[in-house]
Every structure is written in structure tokens, then in C-alpha cells.
Amino acid sequence: MLSIAQNIAHVRKSIPQGVDLVCVSKFHSKETILQAYEAGERLFGESRAQELVQKYEALPKDIAWHFIGHLQRNKVRQIVPFVALIHSVDSVELLSEINRCAEKSGRRISVLLQVHIAQEEQKFGFAPDELRQFVAEFDESKFPFVSICGLMGMATFTDDEEQIKREFSTLATLFAEVKSAYFSENEVFATLSMGMSEDFPLAIAAGSTMVRVGSAIFGERS
Ligand SMILES: *Cc1c(COP(=O)(O)O)cnc(C)c1O
């Protein structure tokens with residue numbers, strides 16, 4: 001079996017300069033995460049608030065913790081004091097709660113809007129037209145404690161590469177459209193989070209600026 005450091009070196013070969021790697025460490029132990037940390041990684045992604053809090057408390061403080069899973073409103077308060085980026089904002093209600101908790105914490109929280117691009121049933125994420133409507137109606141002055149930094153999406157879980165490429169290019173096109181229509185003056189809107197272990201090279205080819213890689217680094221999750 002290859003070590004985590006070897007897995008990282010292998011994954012990094014396919015990631016050009018300028019594309020960020022988020023090591024998705026959900027369900028893996030603190031010791032396992034430390035191996036990736038010692039190999040030089042500093043961005044880690046988790047999908048459960050409680051697990052994220054415990055790992056944040058136990059691990060080095062120069063880790064930037066990303067929240068990548070579905071976030072319930074009643075969990076926002078737990079992660080806002082330290083989270084570096086929330087990838088999964090999919091409603092105005094969730095954004096309002098993040099804004100409210102951020103104010104209390106004295107922080108400004110960076111977020112991505114999650115877009116539903118896959119064919120398969122997904123419960124979470126804006127449909128492309130919902131996203132267009134959301135950004136068209138978005139009133140920045142009502143959310144002074146959040147920064148919308150870009151979009152996140154997941155392709156269908158399939159062997160059909162053409163379909164995956166189509167979905168990533170749909171998201172990249174939507175990202176460019178929304179950026180030029182609503183965020184052209186805003187340099188912070190610059191992150192396109194797409195690509196996981198099975199498909200990150202396709203995502204990068206389509207314009208991803210941030211990939212979220214779990215099993216290719218840490219092995220299968222139990
Ligand atoms: C689990 C997860 C990943 C990582 O998946 P792998 O296939 O293990 O790389 C990426 N993004 C999200 C949103 C996830 O929930």
C-alpha cells in the first residue's frame with residue numbers, strides 16, 4: 001500500500017499551479033490527517049460540523065478547514081468561529097444564519113454557492129436558473145459578514161466521461177456568466193470548486209480552481 005505522502009505526491013502531479021487542493025479528511029482520524037499535514041498540506045475538508053469542531057480543536061492551528069457537506073442551519077454556529085470556507089451554501093436562509101453567526105464571532109466568512117449540475121437526484125444545491133435568480137436578487141448590503149467567493153458543484157457519479165465533462169463545462173460557463181454579470185468588480189468571486197478523486201483531472205481541464213480529493217489520498221472511507 002502506498003503511504004499518504006505518496007498518494008499526495010501522485011495527486012499533486014495532476015494539479016497545476018493556481019489550483020488549490022482540499023484534502024477531504026471526513027471519517028479519517030486525526031493521526032491520518034497529520035500525515036497529510038506533515039507532507040505539507042494545509043487545506044482540509046470535512047462534511048459534518050461536530051467532526052470538524054473536534055478535529056479543529058485537536059490539530060495544528062494553521063490548517064484551513066473547509067466545510068464541504070450539507071450544512072444545517074442549527075450547526076452553523078459551531079463552525080463559524082474558525083471555518084475558512086463553506087462550499088455548500090444552497091439557500092438564502094442558510095446564508096442569513098452564517099451572516100448572523102459571523103457578526104457575533106467578529107468574522108467575515110467566505111462561502112461558495114453550491115450548484116446542482118448532476119443528472120442524478122441530488123437534494124442540495126441551486127439549479128442553474130435558481131442560482132441566476134439568487135445572484136440577481138442578492139443584496140450585498142444585507143450580508144456584510146459573508147463574502148461570496150464563487151461556486152461549487154459535483155458531477156454525476158458515472159463512468160461516462162463525456163457526461164462528466166459536459167456537467168463541469170456547464171458549471172464553468174455559469175461561473176463565468178455570473179461573475180461577469182454580478183461580480184465583475186469583485187475580485188473575491190474567483191473560486192470554482194469542482195473535481196473529486198474520480199474526476200478531478202476532467203474538472204481542472206474544464207476550469208476548476210479548487211479540487212476536493214478524499215479517497216485518492218486517504219483510501220476508502222469506512
Ligand atoms: C466526500 C466528498 C468529496 C471527496 O470525495 P472522494 O471521492 O473521496 O474524493 C468531495 N466533495 C464533497 C462535497 C464530498 O462530500
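Sequence positions, counted from 1, serve as the residue numbers for this chain. Note that these values count all heavy atoms, side chains included, but never hydrogens, waters or copies made by symmetry. As the structure lists them, so they are numbered: ligands from 1, and atoms in each ligand from 1.
For Glu167 and Thr156, the side-chain atoms include at least one donor-acceptor pair closer than 3.5 Å. Side-chain contact of Gln133 with Glu137: a donor-acceptor pair under 3.5 Å is present, judged by distance alone.
Interface atoms of ligand 1 facing Arg212, defined by a heavy-atom separation under 4.0 Å, are 4 (C), 9 (O), 10 (C), 11 (N), 12 (C), 13 (C). Taking every non-hydrogen atom of Val213 and a distance limit under 4.0 Å, the qualifying atoms of ligand 1 come out as 9 (O).
At a 4.0 Å heavy-atom cut-off, ligand 1 does not touch Ser47 at all. By the criterion of a heavy-atom distance under 4.0 Å, neither the backbone nor the side chain of His87 is placed next to ligand 1. Contacts with ligand 1 closer than 4.0 Å are made by heavy atoms of both the backbone and the side chain of Ile68. With a 4.0 Å cut-off on non-hydrogen atoms, Glu198 does not touch ligand 1 at all.
When only non-hydrogen protein atoms are considered, atom 9 (O) of ligand 1 lies nearest to Ser197 OG, 2.5 Å. Ranking protein heavy atoms by distance to atom 7 (O) of ligand 1, first place goes to Ser215 OG, 3.7 Å. Protein heavy atom at the shortest distance from atom 5 (O) of ligand 1 is Met196 CE, 3.5 Å. Atom 2 (C) of ligand 1 has Lys26 NZ, 2.6 Å as its closest protein atom, hydrogens excluded (heavy atom only).
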Taking only distance into account, with no hydrogens and no angle test, what donor-acceptor pairs under 3.5 Å do side-chain atoms of residues 76-93 form with protein atoms, sequence neighbours excluded?
from, atom 1, to, atom 2, distance (Å)
His87, ND1, Ser193, OG, 3.0
His87, NE2, His66, ND1, 2.9
Ser88, OG, Gly69, O, 2.5
Ser91, OG, Leu94, N, 3.0

Run the side-chain donor-acceptor check on residues 138-153: report pairs under 3.5 Å with partners two or more places apart or on a different chain.
from, atom 1, to, atom 2, distance (Å)
Asp139, OD1, Ser141, N, 3.1
Asp139, OD1, Ser141, OG, 2.6
Asp139, OD2, Ser141, OG, 3.4
Ser147, OG, Arg108, NE, 2.7

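A distance of 8.5 Å separates CD of Glu177 from CG of Leu131, quoted to the nearest 0.5 Å.
You'll find the ring centres of Phe44 and Tyr37 outside the 6.0 Å limit.
At under 3.5 Å, not a single nitrogen or oxygen of Val24, backbone or side chain, sits near a nitrogen or oxygen of ligand 1.
With hydrogens and angles ignored, the 3.5 Å screen pairs a side-chain donor or acceptor of His116 with a backbone N or O of Ala118.
Under a cutoff of 6.0 Å and an axis angle of 45°, Lys61 and Tyr56 form a cation-pi pair.
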